[in-house]
Amino acid sequence: MLLLHLSDVDEASWGTRLAEALAPYPVVRRGDAYDPADIRYIFVWKPKPEAFDGLSNLKAVLSLGAGVDALLRHPNLPDAPIVRFVDDDLSQRMSDYVVAHVTMHHRLYTRFRADQKAKRWSQLYPPAAGQTTVGIMGMGVLGQDAAKRLLPLGFTLRSWSRTPKQMDGIEGFSGDAGFEPFLSGTDILVNLLPLTPDTAGILNYQTFGKLRRGVLDGGPVIVNAARGGHQSEADIARALGDGTLGAASLDVFQVEPLPQDSPLWAIENCYVTPHIAAISSERTGVVYFSSIIKNHEAGKPLINVVDRARGY
Ligand code: NDP
Ligand code: OXD
């Protein structure tokens with residue numbers, strides 16, 4: 001039996017579609033009558049503290065989110081494998097966001113927008129894409145997809161990951177020793193890391209100060225589409241104010257929704273979006289999670305299982 005526990009998501013709609021896809025396999029929702037011991041899979045997004053109570057025969061926890069940092073912090077998380085969402089549609093949406101913000105900053109949007117407001121005709125030629133280096137932190141599913149879509153646009157690309165990665169046309173850096181060399185040649189820093197104890201707070205003033213200066217007018221740029229816990233918002237505000245950073249695009253925040261009194265709302269060269277870079281689609285998600293359950297029930301191994309020791 002599959003149990004749904006989806007907060008802030010249309011649980012009824014997911015439930016109906018999963019029941020259709022899995023029929024005759026039983027699917028239940030919170031509030032339905034069921035014996036917790038019959039639940040073999042639970043499908044979660046922002047599970048409440050009691051979400052896993054009594055689920056003594058769980059075969060897997062299915063995470064609607066690609067990022068599992070909050071799930072791993074759940075106080076009553078059972079010791080079952082966690083399967084996270086890995087999906088072409090999700091990757092495409094994330095890359096859409098990354099490409100939009102990288103190209104916007106590469107073409108000095110902040111500068112020309114300000115010029116237009118001031119009715120100022122001031123010619124300044126942005127560097128060619130090839131002269132601009134985009135550094136992607138996190139070369140997993142989403143980082144690799146973003147890189148694949150930025151490459152044909154002509155950008156010079158580099159990546160940073162925990163273990164060494166080789167991708168055609170991309171200069172790879174890894175580990176602690178590779179971090180500063182990676183930053184020192186980066187003009188636009190894109191964060192697609194998972195949030196773990198090792199990556200928390202990585203977007204800080206010290207990091208910003210190590211990025212390359214002199215290529216983009218106004219200073220280097222950061223694009224954070226991963227997690228708010230990666231960034232110090234006080235440091236971002238400071239760096240945007242004193243020119244250490246030329247601009248920032250932020251989709252995620254330390255506290256969401258971003259509090260009304262956050263200075264980030266009003267900073268001209270800060271582009272705030274409300275955690276919408278990439279949504280998990282119901283259409284593709286139902287196919288993905290139902291096939292994982294069917295395959296596992298048929299004796300096949302689970303895929304995209306989170307490594308709890310690594311934290312992602
Ligand atoms: P993956 O697990 O596929 O990739 C993670 C990458 O980060 C890997 O390349 C990994 O290195 C690298 N990494 C992990 N720890 C470190 C470290 N300490 N130092 C250097 N590199 C490290 O994740 P995804 O690409 O699927 O997703 C990334 C994140 O995007 C999610 O965790 C989530 O937080 C966020 N996200 C945000 C969304 C939004 O709407 N804003 C939507 C979906 C996801 P290695 O390859 O060596 O293992
Ligand atoms: C995710 C997210 O991790 O939407 O999937 O942030």
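Reckoned from all heavy atoms, side chains included, excluding hydrogens, waters and symmetry mates. Whatever order the structure lists them in is the order used to number ligands and atoms, beginning at 1.
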(request) Output the list of atoms in ligand 1 that are nearer than 4.0 Å to some heavy atom of His275, sorted by atom number. (result) 39 (C), 40 (O), 41 (N)
(message) Is it the case that ligand 1 has an N or O less than 3.5 angstrom from some N or O of Met139?
(response) yes
(message) Please find the pair of heavy atoms, one from Leu216 and one from His105, that lie closest to each other, and give the distance.
(response) CD2-O, 4.3 Å
(request) Look only at interatomic distance and state if Thr196 has a nitrogen or oxygen under 3.5 Å from any nitrogen or oxygen of ligand 1. (result) no
(message) Considering non-hydrogen atoms of the protein only, which is the closest contact for atom 32 (O) of ligand 1, and what is the distance?
(response) Pro194 CA, 3.3 Å
(request) Select the closest option to atom 2 (C) of ligand 2 among Glu256, His275, Arg93, Met94, judged by heavy-atom distance. (result) His275
(request) Could you check atom 31 (C) of ligand 1 against the protein and tell me its nearest heavy-atom contact, residue, atom and distance included? (result) Gly67 CA, 3.7 Å
(message) I'd like to know whether the aromatic ring centres of Tyr97 and His101 sit less than 6.0 Å apart in this structure.
(response) yes
(message) If you compare all heavy atoms of Ser122 against all heavy atoms of Arg111, which two are closest, and at what distance to 0.1 Å?
(response) OG-NH2, 2.6 Å
(message) Please confirm whether the ring centroid of Phe289 lies under 6.0 Å from the ring centroid of Phe85.
(response) yes
(request) Would you check the N or O atoms of Gly65, main chain and side chain alike, for any that come under 3.5 Å of an N or O of ligand 2? (result) no
(message) Within the 4.0 Å heavy-atom shell around Asp251, which atoms of ligand 1 are there?
(response) 39 (C), 40 (O), 41 (N)
(message) Taking the ring centre of each residue, are Phe253 and His275 less than 6.0 Å apart?
(response) no
(request) Kindly state whether the ring of Phe52 and the ring of His5 have centres lying under 6.0 angstrom apart. (result) no
(message) Give me the residue, atom name and distance of the protein heavy atom closest to atom 17 (C) of ligand 1.
(response) Thr199 CG2, 3.8 Å
(request) Give the residue and atom name of whichever protein heavy atom lies nearest to atom 47 (O) of ligand 1, and the separation in Å to one decimal. (result) Thr163 OG1, 2.5 Å
(request) Return yes or no for this condition: an N or O of Arg227 is under 3.5 Å from an N or O of ligand 2. (result) yes
(message) List ligand 2 atoms under 4.0 Å from Ala66, heavy atoms only on the residue side.
(response) 1 (C), 3 (O), 5 (O)
(message) Is the positively charged end of Arg107 above the ring of Phe112, judged by distance under 6.0 angstrom from the centroid and angle within 45° of the axis?
(response) no
(request) Flag the pair Leu203 / Phe208 as yes when at least one side-chain heavy-atom distance between them is below 4.5 Å, and no otherwise. (result) yes
(request) Look at Lys59 together with Glu297 and state whether they make a salt bridge at an N to O cut-off of under 4.0 Å. (result) no
(request) Would you check whether Leu90 has a nitrogen or oxygen atom less than 3.5 angstrom from a nitrogen or oxygen atom of ligand 1? (result) no
(request) Give the atoms of ligand 1, by number and element, whose distance to some non-hydrogen atom of Asp198 is under 4.0 Å. (result) 18 (N)
(message) Return the closest protein heavy atom for atom 19 (N) of ligand 1 as residue, atom name and distance.
(response) Trp160 CH2, 3.3 Å
(message) Among all protein heavy atoms in this structure, tell me which lies nearest to atom 27 (O) of ligand 1, with the distance rounded to 0.1 Å.
(response) Leu142 CD1, 3.5 Å
(request) Would you mind running through ligand 1 and noting each atom that sits below 4.0 Å from a heavy atom of Met94? (result) 37 (C), 38 (C), 39 (C), 41 (N), 42 (C)
(message) Counting only nitrogen or oxygen atoms and a 3.5 angstrom limit, does Gly67 reach ligand 2?
(response) yes
(request) Check each atom of ligand 1 against the heavy atoms of Ala226 and keep those under 4.0 Å away; list them by number with element. (result) 34 (O), 35 (C), 37 (C)
(request) Please state which part of Arg162 comes within less than 4.0 Å of ligand 1, counting heavy atoms only: side chain, backbone, both or neither. (result) both
(request) Indicate yes or no: does an N/O atom of Leu192 lie under 3.5 Å from an N/O atom of ligand 1? (result) no
(request) Answer yes or no: does an N/O atom from Tyr312 fall short of 3.5 Å to an N/O atom of ligand 1? (result) yes
(message) Quick check on contacts: which atoms of ligand 1 are under 4.0 angstrom from a heavy atom of Lys165?
(response) 45 (P), 46 (O), 47 (O)
(request) Answer yes or no: is there an ion pair linking Arg113 with Glu268, defined by an N-O contact shorter than 4.0 Å? (result) no
(request) Could you tell me which atoms of ligand 1, counted from 1 in the order shown, lie closer than 4.0 angstrom to a heavy atom of Ser161? (result) 9 (O), 11 (O), 20 (C), 21 (N)
(message) Among all the protein's non-hydrogen atoms, which is closest to atom 23 (O) of ligand 1, and how far away is it?
(response) Arg84 NH2, 3.7 Å
(request) Write out the residue and atom name of the closest protein heavy atom to atom 29 (C) of ligand 1, then the distance separating them to 0.1 Å. (result) Leu193 O, 3.6 Å
(message) For the 3.5 Å polar cut-off, considering only N or O atoms, please tell me whether Gly140 and ligand 1 meet it.
(response) yes
(request) Please say whether more than 12 non-hydrogen atoms of neighbouring residues, nucleotides or ligands are located less than 6.0 Å from CD in Gln92. (result) yes
